Each structure stands twice: as C-alpha cells, then as structure tokens.
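Only a predicted model underlies this, so the values are computations on that prediction, with no experimental measurement involved. Both backbone and side-chain heavy atoms feed into the values below; hydrogens, waters and symmetry mates do not. Lettering of chains follows the sequences in order, A, B, ..., and the numbering in each one begins at 1.
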Amino acid sequence: MPTVSVKRDLLFQALGRTYTNEEFDELCFEFGLELDEITSEKEIISKEQGNKKAQGASDVVLYKIDVPANRYDLLCLEGLVRGLQVFKERIKAPVYKRVTPNGEIQKLIITEETAKIRPYAVAAVLRNIKFTKDRYDSFIELQEKLHQNICRKRALVAIGTHDLDTLSGPFTYTAKRPSDIKFKPLNKTKEYTACELMNMYKTDNHLKHYLHIIENKPLYPVIYDSNGVILSMPPIINGNHSKITVNTRNVFIECTGTDFTKELAYRKEIVRADLINKKVGIRETPENIAKLLTRMHLKSEVIGDGNQIEIEIPPTRADIIHACDIVEDAAIAYGYNNIQLALPKTYTIANQFPLNKLTELLRYDMAAAGFTEALTFALCSQEDIADKLGLDISATKAVHISNPKTAEFQVARTTLLPGLLKTIAANRKMPLPLKLFEISDIVVKDSSRDVGARNHRHLCAVYYNRNPGFEIIHGLLDRIMQLLSVPPREKKGGYVIKASEGPAFFPGRCAEIFARGQSIGKLGVLHPDVITKFELTMPCSSLEINIEPFL
Amino acid sequence: MADGPVAEVLLRQLAAADGGLDSAELAAKLGVEHQAVVGAVKSLQALGEIIEAELRSTKRWELTAEGEEIAQEGSHEARVFHSIPPKGLAQSELMRLPSGKVGFSKAMSNKWIRVDKSAADGPRVFRVADSVEDEVQRRLQLVQGGQAEKLGEKERSELRKRKLLTEVGSWRDRPFKPYNFLAHGVLPDSGHLHPLLKVRTQFRQIFLEMGFTEMPTDNYIESSFWNFDALFQPQQHPARDQHDTFFLRDPAEALQLPADYVQRVKRTHSQGGYGSQGYKYNWKLEEARKTVLRTHTTSASARALYRLAQKKPFTPAKYFSIDRVFRNETLDATHLAEFHQIEGVVADHGLTLGHLMGVLREFFTKLGITQLRFKPAYNPYTEPSMEVFSYHQGLKKWVEVGNSGLFRPEMLLPMGLPENVSVIAWGLSLERPTMIKYGINNIRELVGHKVNLQMVYDSPLCRLDADPGPPRTQGTA
C-alpha cells in the first residue's frame, strides 16, 4: 500500500479547516485511508541516523497516509485534498479536458527501432502553470509515487518531465546503440555515454534498481528534440538540459512503456439502484445513491425508469471496471460502519478435512506419549535434505525454487527430520532427553498431479539423549500403530519392521516400516555423520512415516 | 554443619560396628531424632565414597481387638472344638455359641469335627480328633510377643484377611519437618503441543461450531493460474513479481489446467465480459502455467469454489481453511517467508456486505474480540473490500485484525457460479493473534527451528474467548 507523506499544515490549509489528530484519523478511516504515522523530517532523520544528524532538520509536522493501491488519484497532497473535499461535499469533482494551445501542437514521433525494447510512448504539455517550492516538491514526489506503483518500478511505464521552454519540438522517440548515446544526465556537469552511465549508476542507491530493465538490450530507448538535445534515456535518467525548476512555466511530459491499453477518457455506466442496495445490504432511494456516488468522484444521476443510475467515470478512476467497483464506492460513501449487520441464513453441515482430522487426533496422543510438538519451516536448503543426510539431491524428488533470496529457501522439504534436528540444535541448553515430533506436509515432484508436485502428510519423531534410545522410538511406533488400530503382524493389514539401511542411519540400526501392505517409512539410530552435520553431539534415534495410508 | 556432631558419632559407631548400623536403632541409642541421623547419612553420602547406605523399610504388625481376644482365648474353631462333648452336640445348639458360625466352618475345613445328619433330633456335631493344635492362636501370640517376622508373608496375609492382624506404618506417630508450601511442585513428565498449533485447533473449532467445512489445502505448490489468474489478478500485478513470490525451477510449469475455464479466465482478463471492462492486456498462458509456492490459501478457496460451481443445481456452502502460505519477502521480527493463513468463505444467493459484517462479528466474538469497526480497503480480488479493526485495550488504539470482502464477479462468473450468488470471504494470519495471545515479540521464537522449547513447555491452554492476557514474562513486562 503506497504511503503519501504530506505537511500537516499545508494539508489543513488546502482543506480549509484544521483537525485534531483523532478527527483526521477518523476522516481517513471513513474514506478508506489510514493515518499511518505523525512525524517530522527531524524525527525521521533522528530515528534513522541519530539525534546528531537530525540537528537543524525541519520539525514541520508530517502526516504519513496509507492510500489503497488502486487509487492513483490520491498519491499527492493535491489529490488527497480533492478526494476528501468532494467526499465531504465541499467542492464538486473537477472535470478534466484537453485544451488545444493557441500555437502549434507539439509532436512526439516514435520510430520503429523502439519496437523491440519499449514500444509505446505518449506525451502531453502542461501550460501556464506556476510552481511554488511546495507544489514543485509535490509534483516530483507524485511522479516518483507513480513510478513505484502503477508504473511497476518503471518496468511498465517511465515518466519524464521537462521544461518545454528549453526545448524545441517536434520530439523523436527512438532506440540507439548505447555507445551512440552521449549526454549530460540530470544533475551532472559532464557528458557520458550510455555505457558509462549504466556503469556509474550501478552504485547509485536509487537508480541501480532500474538498470536491469534495459541493461542487456542491444539498443537503448532515447528521446531527442529537433535540435538533437537528449531529453531522456527512459526508463533510467533524464538529461540535465531540460530539467524542470520552480520557475518552469510549461512542462513537457513524456511516458514510455511496454504496454498501452488505458485511454484517458470519460466513460458512462448504468447501474440499477436495487443492485447496489442488494449488494451492500441497505435500502436507499436511487436519488440518495446517486448523491453517495457523486461524493466519490463519480458524478451520478437517476435516469430512465427512476431505478437506473447513470454514472460518469472520470479518467482518474481507472480502477472502476465493473459495477461491483461502483457498489463499493456507494458503500464507502454510505459509511461501512452505518450498514446494518445481518447473518446469512445459509444452512450447512460442517465437515473436517479427513487428513487434518486424523492429524489433530494423532497430535494429542503424541503429546500424551511424552513427545513435544515442533513447528518447522517447509522451505530449506538443498544441504538440509540431501548432503547432511548423506543423500544426493537428485535422489530426493525435491521441488526447486528458482528465485530464492538465500540458501534457506532453495527447496521445499522432502522430509521433516532436518527441521526437528535443527530444532534440537537450537535448544541444546534444554535438559535431556529431548523428545520431539511434528506432523506436517512434505513436498515431492509427482507428474500425476496437475501442478507436477504433491504434498504428503508425514509424522516424524526424534529422541535425543546420552543413549540412542532405539527402543523408545520403536515403542513410539508400536504406540502409534496401537492408536491407529494396526495390529503387529505382517499380513491382513498389520505392521512389521524389517532390517534395512539408509545413508542417514547407523549400519545395522535401521529398519523399514511396512503397514497395510506398503512401506510407510523408516526408523533407526542416526548415523554419527548426520548428527555432527546438524551440530549435535549426542546419539539420536528417529522415526518418520507417511500417515496417509491410515485415512 | 548442623549434622556435624551426629555425623561424627555416626562415623565412629560405624567404624566400631560390624556389618553396618540401623539408623532407627542408632537414633534411639543416641537419643536424637531419626531425621537427624538420616540428615547425617545424606550429607556424608554427598561427600563421595565415604559411607554406603541402603534404604530399608521395617514393618510393624499389631493385633486387632479380635486378634487380641483370640491370642487370649483361642481361635473360634478351637473354641468350637472344645465346646463339643464326646457324645456330640446338636448343630442348632452349637450355632448359638458366640464362636459358633465362624468356628464351625473353619473347624469343618480343618477336619476337626464332623456332622451326623441322620441323628434322631436333627444334625449333630462330633469331634473327629481327640485334641487339636490351635495354630492361629500360636501365631497371634508370636505377633503379640513382637516376633511377627517369624511368620511367613503368606501366614501374615492370611491373618490379615481374617482381620486379626494390621500393618502399622512406622511413621504414623512420628514428627516431621513442616512442608514449605511456597515451594513449587515437581512438574509431571509430559509432551507438549506447540502454541501456534494450539491456536490453530481453536480456530478450527470456531469454524466447525459455525458450520464451516474444511477445504483441502495440502498442496503447497500451485500454478500461477489458480494462485493469481483465477482470482482475476492481472499478470503484471506487483504481487506476481519475483520479489514477492517464490517461483519454481523444477517443476517449472503446471502440467494440466482446466481448458474451458482457462479460456473464460483469459477472455475476462484480456477483453472483459460478465459486465467487466477487463484489464485489456495480452494474457499469456505461459504466465499462468508457471508454478509457484502458493502466496495465499485463496488459491485453495478458488479450487473449492470452482468445484462447487460444477455441481448443479447450486448448493450454498460455507468453507474454511488454515494452512501455510509463502512469500519471498524481506524477513524481520514479524515477517517470515512462510506463515499460516486463516480463511473463511460463504457462498449463497443474495449475500450482502451487511452479511459479511454480521458473520465477522460472530467470528470475532468467538475470539473474544467484540469491539469491531470496518475500513474501506483495496484487495485485488474482492470488491467491495473491508479491513477489520478491533480496539486493543493494551495498545489503546484500533488495530487491524483481518481483511475481507465480496469476491469479484470476474472471479466467480467464469467458474460457472450463478449470477445472483455472492461469495463473502475473510482472512487473517494465525501468527499475529498467537503472538499477541502468548506475548511473543519475535516470530522466530514461535515458528521454525529456532523456537524456544521452554516456551513450548510452559505455554498455557489456548482459550481464545477467556483470555487472561499474555503471560507476564521477562520479555513482555
């Protein structure tokens, strides 16, 4: 959710009245905003860099306001004030229209070369405006907010703003080899080639995040004016030549992007008043509903048979794509907390998911048997499920994550054992013996499933003490089988353990568990190598079974 | 050392004694409390291999009132025997004697006497032997004389069964050191359930009490289709970014998707339909095929609703789930890459925002949360959407406790659900209420292998509606 930071006094001045913090918080809540923090520049710097650095910083009160991710029209002080004033019926929603200048219309020519890298561009001119320092800051800040949100960190769209009076149209949007682009970038005094720039910005904390968008492309996008002045190299940096200042009167805006779908046009929708009443659970007249919608920047009037409402959707409300979006705005204007609460008359019989029901029952009896429940991560490193257990990763059928930030998230676990051993390692100060269990899911590749992988519900238990305690883990297995009504015999649905081996176990101290005619897991004394690799020092025995055959 | 003098005497006596000493005898001899001798033994033992001690228990036996009488007068059977004259005695007369009933049957089984049933004036009892040995009396006299140990265990228990003998605890009249009732008892050995999963159990219970059926969620791996596209989340949505979602390298693509449904989803995204403008972009199947670790359990809700939509005619449903979800996020004290999501869903004709709020009120009341208010919010797949806030007494402010809304028609109609069916849904995390309940500040102490097992051992029952507040531990005080 984007956060907009505004100066409180400027906000109140624009709203035409002052509020206490509580009153303003209440107003935000009602409108679907959140007054997240009340702070100042001084406080922010002091918090991040210490009191010393904060000396001399401004202590003007700042409101940090969380704005819903779909409301791009509220991402600056001016937008917030407009939205709130219309909501409180203090002003009418403005109508936006394109005006033709007296002189010649500016043009932006798009060349074919851009097709392979960033094929779309649009441009506009803001004429005869007057910045103040605060308005200028807000303008720059809004551009940044749009970049971060709807523009998907410039990957989808990049916006450049320029002082039109320093340039001369028509403009050309083209793409060139990086070595052929050379200009003085924003706030630099020297010219650089595009290659040099990309290198230089690798260490720039702000710009380094955008380099990947064009970095490995043969051609870079670039915009020129008719004199060959470079306006910008989107989506990275503008030229210094056309930089806007507080004194700029005419702003040339260019947007380049990889998609072009939205149109800046007003649109009309007709929604029946009873649909809105029915979806919200209120009984308002169509006239009242039209009034409610108008307060949400959706100019509405009752038409036709008196039950239909015609709604004008401004280009600033691109989030409205369905009647349900209109229903929500009516409900917000009505006030969520004014809606009468009701209970649905839906009659249903509840059922538990059988696997979870069995799991719940078993958990209680595992604790009754003296074992303590652990809750470990489903994601882990390849090492945890393979190397540390003496296995090769290819033998595990594990699913692999393509974009882990650290090794902790390389794979989904194929066994619960590593998690329990790591739990013991983190709790070595606890008195012995440690008896732990977990009943949870593991994941393996399975081409019979639509997604190519599936979960299995495993039960794993470990006993960690000065002695290996195989008899304890074995006894636990007997108890589990008793709980599941599986008798100790090989045939007729019973269970049996048979000598086996596995790289994780001490030779001769491992058995495979067969129940209901299938292999369900293994138990045994862990191999000293396994114990050492999990940073443990005592012997340990373990048991791990799949409980799905007992459903 | 308080035991000093006793210990010293004890050592001297031990050195002189042959074959050890009895602590009780020694205490009597020295004229000190038995406890003082025991204390001296314990402190000597604690020093290492200085003395050896073994625990012996002595038992004392004493006669019951009836036993005393028998030791004096002879057993009932002996008395019966002696009361029979050589010419015999009528059985009816014998039975009237004080020892008659008990003595008769015992004397019979000892074969001391016999009954002649053919006698003229009714059954008559005769002696069989000339004299008898009254073993019972002899044994009781031994006990009386303090020689109970001369009797075998079997003999003693026989006498005890006849209520002639009782065992006397030697500690009955002894003085003891008073207990310190301020000290703690010894906790029983036991296993423990994990606090987060105890809270999970309670949430399951609440849903079941409210008539909600549990959805299957045992598939951590999901296709982007079910995780995003089916929920009408556009393919360029930031949540689908590599920075937020774990994608899989192997298996990288889902093998099957429901073809017809995929077409309807594609059309709704790219061209609109069902009353929607759509997102107007080039929807790509490759993108939908990409496998992910599910980022929410709403993917499981989507599958459940799709299955519901295939059942004709439509039957209303209430569903819930609580399971793990995964986010490729930056980790901190309150965020992990995996957490549990709680989700509730109701599908029926004509459900309203008021119904959603009504269900939420009931749900949160069961959690012990009664002060609620609702804030407009934005969720990609619900519209209208509302965040649920509750007043936190401790923090003295409104805090978000859940997120909710009506699923968008663009999500429901392509599934094949009837147009007038609304689906209300809400969700919250399991970790947050658990951390508040148990007063835990760092999520790593609760979830994952770095859990503090002592915390698990010590955690109380989870009673959400009778919440006494988080325990006051050092961390939260």
Inset, instruction - Among B:Lys290, B:Arg289, B:Arg303, B:Arg324, find the one that has a salt bridge (Lys or Arg N to Asp or Glu O under 4.0 Å) with B:Glu222. - result: B:Arg303

Inset, instruction - Measure distances from A:Leu33 to the heavy atoms of chain B and classify the residue's part below 4.5 Å as side chain, backbone, both or neither. - result: backbone

Inset, instruction - Could you verify whether a donor N or O on one side chain and an acceptor N or O on the other, from A:His322 and B:Glu410, lie under 3.5 Å apart? - result: no

Inset, instruction - Establish, yes or no, whether a centroid distance under 6.0 Å links the rings of B:Phe320 and B:Phe212. - result: no

Legend entry - Cation over ring face, A:Lys435 and A:Tyr463, 6.0 Å, 45°: no

Legend entry - chain B contacts, top residue of A:Pro354, A:Ala367, A:Ala69 (heavy-atom pairs, under 4.5 Å): A:Ala367

Legend entry - Heavy-atom proximity to chain B below 4.5 Å, by part of A:Leu434: side chain

Legend entry - Side chain A:Asn356, main chain A:Phe353, donor-acceptor under 3.5 Å: no

Inset, instruction - Using non-hydrogen atoms and a 4.5 Å limit, figure out which bit of B:Glu209 sits close to chain A: side chain, backbone, both or neither. - result: neither

Legend entry - Segment of A:Asp259 engaging chain B (4.5 angstrom heavy-atom cut-off): side chain

Legend entry - Parallel, tilted or perpendicular: ring planes of B:Phe232 versus B:Tyr279, cut at 30 and 60 degrees: parallel

Legend entry - B:Arg408 side-chain N/O to A:Asp325 backbone N/O, donor-acceptor pair under 3.5 Å: no

Inset, instruction - Quickly, which of A:Asp384, A:Ile401, A:Val411 forms a side-chain contact (heavy atoms from CB on, under 4.5 Å) with A:Leu379? Name it, please. - result: A:Ile401

Inset, instruction - Check whether A:Leu355 gets within reach of chain B through its side chain, its backbone, both or neither, counting any heavy atom under 4.5 Å. - result: side chain

Legend entry - Flag for B:Thr245-B:Arg327: side-chain donor and acceptor within less than 3.5 Å: no

Legend entry - Side chain, backbone, both or neither of A:Phe371 within contact of chain B (heavy atoms, under 4.5 Å): backbone

Inset, instruction - Pull out the residues in residues 437-444 of chain A that come under 4.5 Å of chain B, heavy atom to heavy atom, sorted by number. - result: A:Phe437, A:Glu438, A:Ser440, A:Asp441, A:Val443

Legend entry - Contacting region of A:Ala374 [heavy-atom separation from chain B under 4.5 Å]: backbone

Legend entry - Under 4.5 Å from any heavy atom of chain A - which part of B:His237: backbone

Legend entry - Part of A:Arg457 lying under 4.5 Å from any heavy atom of chain B: side chain

Inset, instruction - Check whether A:Arg454 gets within reach of chain B through its side chain, its backbone, both or neither, counting any heavy atom under 4.5 Å. - result: neither

Legend entry - Proximal component of A:Ala155, with respect to chain B [non-hydrogen, under 4.5 Å]: neither

Inset, instruction - Sort B:Ala252 into side chain, backbone, both or neither according to what part of it lies under 4.5 angstrom from a heavy atom of chain A. - result: neither

Inset, instruction - Tell me, for A:Lys278 versus chain B, whether the close heavy atoms (under 4.5 Å) come from the side chain, the backbone, both or neither. - result: backbone

Inset, instruction - Please say whether more than 12 non-hydrogen atoms of neighbouring residues, nucleotides or ligands are located less than 6.0 Å from NZ in A:Lys405. - result: yes

Inset, instruction - Quick one: sort the A:Phe377 and B:His449 rings into parallel, tilted or perpendicular, breaks at 30° and 60°. - result: perpendicular

Legend entry - A:Glu360 bridged to A:Lys357 by N-O distance under 4.0 Å: no

Inset, instruction - Measure distances from A:Leu343 to the heavy atoms of chain B and classify the residue's part below 4.5 Å as side chain, backbone, both or neither. - result: both

